[in-house]
Amino acid sequence: MPPAETRRLALPGFVNAHSHAFQRRLRGRAEGGDFWAWREVMLAEAERQTPETVRSEYAKTYAEMRDAGYTVVGEFHYLGVDEAFAAAAAADEAGIELTLLLSAYARGGLPRFRQESSTAYVEQVEQLRGRGVRVGVAPHSVRACPADALRELGAYATENGLPLHVHADEQPREIEECLAEQGLRPIELLAECGCLGPRTTVVHATHADSQELDLIADAGARVCVCPTTEANLGDGFLPVERVLHRGVELCIGSDSNVRIDPLEELRELDGIARRQSGRRDVFAVDDLLAIGSAAGGRALGLESWPEVSIDVGHAQLAGVEDWRSALVAGCSSDVFAR
Ligand SMILES: [Zn+2]
C-alpha cells in the first residue's frame, strides 16, 4: 500500500454559485404541494431569521459545504444588511470563500426583503464593499424588480464591474405574469433593461424558450443550474442540449440546500442530459468538473480559490479505471479528504 499522502489527489475546489443557506432548515418538510405553496413555508422560515440565527446556522451549513468539497459559495441573500454581515462572518468561521449576492427587492416578498429605492439598495452594497465583503448585484427576479429598477441595477453592476445574478424562468407562472405586465418573457426583459452581459448569471432558466437562450448566448451570460433543488421543487428540467448547442456556459448551485453535494448536482445534470438525448456522452467528464468549478468561479468574479483533496483510496473509488469519471458517475462527497 502506498503512503497515505500519495493516495490523495488535488482538484480545483467546487464552487457553489447559488445558495440560500437559511433554507437548509426546510429539508424534509413535506408541506407545500407546489412551488408557490412551498414558497409560503420558505417565507415563514425567512421571517424568523435574525443576525444571530444567520451567524450560527449559516456557519454550520457552510461547514457542511466545505466538507462536501465546495470551497466557495455565492450566497443569494435577501434577509437584510445586518444578516448579510452575519453571513460573511459565518463563512469566515467555516473556512469557505464567500461572494455575497445582495438581493434587490422592490416589490412583493416580505417587508424585510425590500429596499425603498435602487439608491437605497446601492448604499447597502457599498456598505458591504466598504467593509471588505466581496459582493455581487442580485435583482431577485422580474417578479421582485420592475423594469426601471432593473435598468438602474444593470447600469450600476456594469459601471462597477460586478457580477449580476438573477432568478429567471424557474416556473411557468412567472413567465405568464411577465408577459402580461411587460409583453416580454423574463430573459427578454432582462436583456431590454441592460441586465444581460458577460458578468450575468441567470439562475435556473428552466423554462427558457429558444429566443431567450439565444439572448443569453449572444450576451455571453451563463446559466446556474440547481438540479437537486429544481427536482425537489418540481420546477422541471433544464433543456440541456439546447443550452450546450448555443455554447452557453453552465455552473451549479445548491440553492435550497436540500442536498449539499457538488457531485450529486453534476450527476443530476448529466442524468437530465442523458435522459433527454438518449445518449451517454453529452458531457465529457472534464466539462462537468469545469461546470462544478471554473464556471462557478467566473460567475462569482473570482480568479482563484482553494483546491479540494480526493481520497483516491476511498472504498467508493476502489478498483475504478478512471477516477475522474467515477467521481461524477458514482461517488458521494464522502470521497473528499477532510
Ligand atoms: Zn434561488
Side-chain angles (χ1 to χ4, degrees), residues 15-27 29 32 34-47 49 54 58 61-62 65 70 72-80 83-84 87 98-106 108-110 112-114 135-145 150 153 163-175 178 186-187 190 195 200-208 221-238 250-260 262 265 268-269 295-296 299-300:
V15 176
N16 184 359
H18 188 75
S19 161
H20 307 283
F22 77 90
Q23 294 177 16
R24 180 75 172 146
R25 289 266 300 211
L26 299 177
R27 69 194 187 285
R29 296 269 293 272
D34 66 6
F35 172 89
W36 302 101
W38 170 85
R39 183 170 175 272
E40 295 303 315
V41 181
M42 181 274 285
L43 292 175
E45 184 62 28
E47 186 61 15
Q49 300 296 319
V54 168
Y58 281 33
T61 300
Y62 291 154
M65 289 181 195
Y70 288 119
V72 188
V73 58
E75 181 67 30
F76 196 112
H77 178 85
Y78 42 70
L79 300 175
E83 289 80 1
L98 173 92
T99 296
L100 198 293
L101 303 162
L102 188 70
S103 180
Y105 228 103
L110 301 176
R112 68 182 297 166
F113 296 177
R114 299 194 289 264
V135 295
V137 174
H140 179 276
S141 56
V142 300
R143 278 187 282 122
C145 294
L150 291 173
L153 298 168
L164 187 150
H165 287 227
V166 57
H167 296 104
D169 288 358
E170 182 175 8
Q171 285 280 329
R173 186 172 117 188
E174 171 205 329
I175 299 170
C178 191
I187 293 167
L190 293 173
C195 284
T200 300
T201 298
V202 176
V203 183
H204 303 302
T206 314
H207 300 282
R222 68 186 61 72
V223 170
C224 182
V225 59
C226 307
T228 62
T229 293
E230 288 157 7
N232 184 267
L233 298 181
D235 288 339
F237 298 101
L238 185 76
L250 292 171
C251 57
I252 56 166
S254 67
D255 195 358
S256 69
N257 294 299
V258 65
R259 282 283 288 140
I260 295 178
E265 301 298 343
E268 278 272 335
L269 174 63
L300 297 177

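Just so you know, ligand 1 is whichever comes first in the structure, and atom 1 is the first atom listed for that ligand. Throughout, numbering of the chain's residues begins at 1 and tracks the sequence.
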Next on the checklist: Just to verify, which of Glu174, His18, His204 counts as forming a side chain to side chain donor-acceptor pair (under 3.5 Å) with His167?
Outcome noted: His18

Item to check | Proximal heteroatom of His167 relative to the Zn ion (ligand 1) (N/O/S) | outcome: NE2

Checklist entry - Got a sec: is Cys226 within less than 2.8 Å of the Zn ion (ligand 1) via an N/O/S atom? => result no

Next on the checklist: For the metal site, I want the angle between atom NE2 of His18 and atom NE2 of His20 with the Zn ion (ligand 1) at the apex, to 10°.
Outcome noted: 100°

Next on the checklist: Quiz question: by atom type and distance under 3.5 Å, do the side chains of Ser254 and Asn257 form a donor-acceptor pair?
Outcome noted: yes

Item to check | Aromatic centroids of Phe76 and His165 separated by under 6.0 Å | outcome: no

Checklist entry - With distance as the sole criterion, is a donor-acceptor pair present between the side chains of Glu75 and Ser19 under 3.5 Å? => result yes

